[in-house]
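Being a predicted model, the structure only gives us computed values, none of them experimental. Note on naming: letters A, B, ... go to the chains in the order of the sequence lines (proteins, then strands), and numbering restarts at 1 for each one.
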Amino acid sequence: MQSLTLSRVTKSFGATAALRDVAFAVAPGERVALLGHNGAGKSTLMKIVLGLIAADAGEITVLGAAPGSAAARAGTAYLPENVAFHPALTGQEQIRHYLRLRGQDPAHALPLLARVGLAEAARRRIGTYSKGMRQRVGLAQALIGRPRLLVLDEPTSGLDPVSRREFWTILDGLAQDGAAILLSSHALTEVEARTDRIVILSQGAMVANDTLAALRRRAALPTQLQITARPGAADAVAEALAGRRFNGVRVDLVCTPEDKLARLGQIAALGAMVEDVDLIPPSLDDIYRHFSSEAAQ
Amino acid sequence: MTPVLAIAASELRIALRNRWVAISVAMMAIFALVLTAAGSGPSGTLGVDRLSVTVASLTSLAVYLVPLIALLMSFDAVAGEVERGTLALALTYPGARATILAGKFAAHLAILALAVAVGYGLAALTALAGDARAAAGLAALWRLYWSSLLLGATFLGVGYAVSAWARRPGAAAGMVIGVWLLAVVLYDLGLLAAVVADNGGAFTRHVFPWLLMGNPADAFRLFNLAASGATAAAAGVAGAAGFVPAWQALGLMLVWPLGAFALAILAFRKITP
Ligand SMILES: Nc1ncnc2c1ncn2[C@@H]1O[C@H](COP(=O)(O)OP(=O)(O)O)[C@@H](O)[C@H]1O
Ligand SMILES: [Mg+2]
């Protein structure tokens with residue numbers, strides 16, 4: 001059974017169509033990234049999944065129940081965009097509060113805070129925390145009680161690179177334990193390596209929903225080949241391959257996915273003239289731009 | 001029950017750190033002491049002990065001060081969470097919306113209970129020290145105490161409703177001051193003007209008592225005056241205490257907090273974070 005299913009979900013705010021006929025599902029243990037420009041509808045979709053706002057049309061099931069129902073809330077954790085807490089409470093008091101709301105032992109607060117790297121600051125008021133530290137308090141509360149579905153709205157914003165890596169490690173562990181994870185992000189490069197599937201929203205419409213490899217294939221974006229020639233051979237290499245010389249030793253080629261192997265064969269045939277070759281597949285940024293602009297037309 | 005207690009504990013902690021506990025207690029203590037000091041001069045109203053006199057003046061004080069403290073504590077309850085951006089997360093936790101309000105209510109009522117206890121306690125001690133017969137007024141003081149909490153509970157509920165309805169703390173603050181002025185000052189002035197104009201006619205005898213009951217502050221005043229039989233000491237609007245039996249006023253005192261809390265829940269349910 002899927003942890004989360006959406007079908008034909010539609011939502012407007014006045015004249016603004018925030019979501020149009022969005023349909024996808026998230027299975028247990030799966031990490032799905034929701035990508036889209038500002039205003040694409042990511043946060044709106046998450047709030048509908050959580051039952052905070054109602055969809056105008058469409059069906060949603062969260063852990064087999066209706067969004068916002070007691071059963072759905074009991075198994076779902078949420079990290080809102082720009083998460084905030086009362087500044088007068090300490091991190092430890094805030095997490096104890098959330099533990100008690102979920103019927104858990106408040107003594108787990110310190111271990112939870114330690115898990116997100118906040119052991120030192122646990123007894124300081126949240127008013128003194130940086131944005132990244134508040135984000136980590138937000139993550140700590142989302143880990144309470146082994147949730148079966150995590151809905152994380154831009155969870156890595158405000159985190160430094162080290163905390164980001166720790167964050168993704170925690171997430172990997174949760175997914176291995178069978179939790180379904182839906183997260184939105186702007187940091188495309190890290191999403192690339194750490195999620196199983198990508199859903200792209202563009203102006204409220206879902207324009208892609210697939211694994212990264214499949215999206216690459218569908219977009220059929222050109223691959224870049226960077227050839228490093230032996231000193232002095234750059235011009236000859238460029239001529240032989242009809243490529244563009246980039247500097248003293250480098251020649252750049254662009255080719256379609258189908259041409260890739262043939263081109264590599266040509267390069268190999270040049271033998272000693274070529275020192276090295278790098279293959280640069282289209283990045284997630286390129287794919288993302290491809291599907292977003294395709295939809296806009 | 002645990003979620004309500006968890007929310008109440010956090011709210012109490014916040015109120016302590018924001019000095020709301022200290023402010024409420026200090027307000028009640030200072031006003032109660034000033035009042036007893038002012039009233040203790042030419043003591044010995046014939047046949048009445050000093051504590052009973054104190055209770056009568058505390059009643060007039062409570063009508064103004066208890067709703068004010070309750071409204072000041074409650075106006076931020078929902079609007080503040082909306083503004084800080086903490087409400088969306090709170091609403092994804094298990095438990096009904098009423099649970100959140102109930103937790104805040106428990107904390108705020110506890111603070112009010114403490115503040116009123118300190119204020120009345122100080123006034124009572126002063127009266128007991130100056131008059132050996134003052135113990136006779138203890139029953140009236142106790143009645144004043146719990147009815148003050150019912151009054152406070154009503155205005156806490158009103159404050160939450162306003163807070164949810166206004167959505168922004170600034171607007172909510174302005175609105176609760178408006179509510180306070182209307183309920184405890186202007187309402188009585190309006191009725192008084194009508195009574196004077198009516199000059200003992202049908203309005204004064206039949207409509208006026210019901211209008212009094214339509215305001216929680218007046219219901220509180222009527223209940224305490226009617227119950228203590230101290231109508232003579234009351235002036236103006238409260239002179240109508242004789243028209244209304246104490247049990248009716250008591251019934252209203254109990255209904256008002258429930259009504260106000262129900263109103264708050266209705267307003268809170270309308271909020272989408
Ligand atoms: N409460 C609201 N009232 C009116 N418009 C809204 C509201 N929330 C979101 N929107 C609009 O809906 C669209 C999607 O917003 P959002 O879901 O926040 O996008 P994202 O999270 O992808 O940046 C935007 O055009 C936004 O202005
Ligand atoms: Mg957003």
Side-chain angles (χ1 to χ4, degrees), chain A residues 11 13 43-44 46-54 62 67-90 92-106 125-127 134 137-139 141-142 144-145 147 149-153, chain B residues 1-23 73-104 106-108 111 163-164 167-169 268-273:
Chain A
K11 173 79 187 172
F13 295 105
S43 298
T44 303
M46 290 183 161
K47 286 181 180 174
I48 289 175
V49 166
L50 292 156
L52 292 174
I53 55 181
V62 179
S69 63
R73 281 198 270 170
T76 308
Y78 176 43
L79 174 55
E81 188 175 13
N82 302 320
V83 65
F85 304 97
H86 201 290
L89 296 177
T90 68
Q92 187 182 9
E93 287 163 353
Q94 186 68 80
I95 296 298
R96 285 175 68 90
H97 171 90
Y98 287 126
L99 279 162
R100 290 170 76 186
L101 288 188
R102 289 220 184 265
Q104 307 267 324
D105 183 359
R125 292 194 191 179
I126 298 180
R134 284 200 302 276
V137 177
L139 180 61
Q141 65 80 31
I144 291 172
L149 172 66
L150 286 100
V151 179
L152 312 172
D153 202 348
Chain B
M1 203 56 204
T2 323
V4 174
L5 290 182
I7 293 165
S10 294
E11 287 293 329
L12 267 180
R13 203 166 260 135
I14 289 168
L16 273 169
R17 303 220 171 120
N18 287 348
R19 311 226 153 66
W20 263 114
V21 177
I23 291 169
M73 277 197 296
S74 56
F75 81 85
D76 193 54
V78 178
E81 299 239 11
V82 171
E83 173 133 313
R84 278 193 299 278
T86 51
L87 190 61
L89 183 55
L91 292 181
T92 62
Y93 271 76
R97 291 195 179 198
T99 310
I100 298 180
L101 283 188
K104 289 176 184 270
H108 292 152
I111 296 167
S163 188
R167 277 158 213 225
R168 281 178 302 120
F268 189 32
R269 286 223 181 109
K270 291 224 163 66
I271 296 237
T272 44

Trainee: Side chain, backbone, both or neither: which part of B:I7 has an atom under 4.5 Å from a heavy atom of chain A?
Mentor: both

Trainee: Hey, what do you get for CZ (A:R100) to CG (B:L5), rounding to the nearest 0.5 Å?
Mentor: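 Answer rounded to 0.5 Å: 6.5 Å.
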
Trainee: Just verifying a value: how many Å separate A:H86 NE2 and B:E11 CD, rounded to the nearest 0.5 Å?
Mentor: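 Spacing of NE2 (A:H86) from CD (B:E11) equals 7.0 Å.
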
Trainee: Around atom CZ of B:R84, are there more than 12 heavy atoms from other residues, nucleotides or ligands closer than 6.0 Å?
Mentor: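 Check passes, neighbour count above 12.
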
Trainee: Could you pull out the closest heavy-atom pair between A:T90 and B:R17, with the gap in Å?
Mentor: N-NH1, 4.2 Å

Trainee: Which of the residues B:S10, B:G85, B:G80 is involved in the greatest number of heavy-atom pairs with chain A at under 4.5 angstrom?
Mentor: B:S10

Trainee: Relative to chain B, which of A:A88, A:A77, A:A70 shows the most heavy atom pairs under 4.5 Å?
Mentor: A:A88

Trainee: Just so I understand: if I count every heavy-atom pair under 4.5 Å between each of A:L89, A:L99, A:I144 and chain B, which residue has the most?
Mentor: A:L89

Trainee: List the atom of A:L101, the atom of B:A6, and the distance in Å for their closest heavy-atom pair.
Mentor: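 The pair with the smallest heavy-atom distance is CD2-CB, 4.2 Å.
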
Trainee: So for B:A90, is it side chain, backbone, both, or neither that comes closer than 4.5 Å to the heavy atoms of chain A?
Mentor: neither

Trainee: Of A:L79, A:L52, A:V83, A:L50, which is the lone residue that meets side chain to side chain contact (heavy atoms under 4.5 Å, CB included) with B:L89?
Mentor: A:V83

Trainee: Quick one: pull up CD in A:Q141 and OH in B:Y93 and give me the separation to the nearest 0.5 Å.
Mentor: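 These two atoms lie 3.5 Å from each other.
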
Trainee: Between A:R96 and chain B, with a heavy-atom cut-off of 4.5 Å, which part of the residue counts as in contact: side chain, backbone, both or neither?
Mentor: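 Contact with chain B involves no heavy atom of A:R96 at all.
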
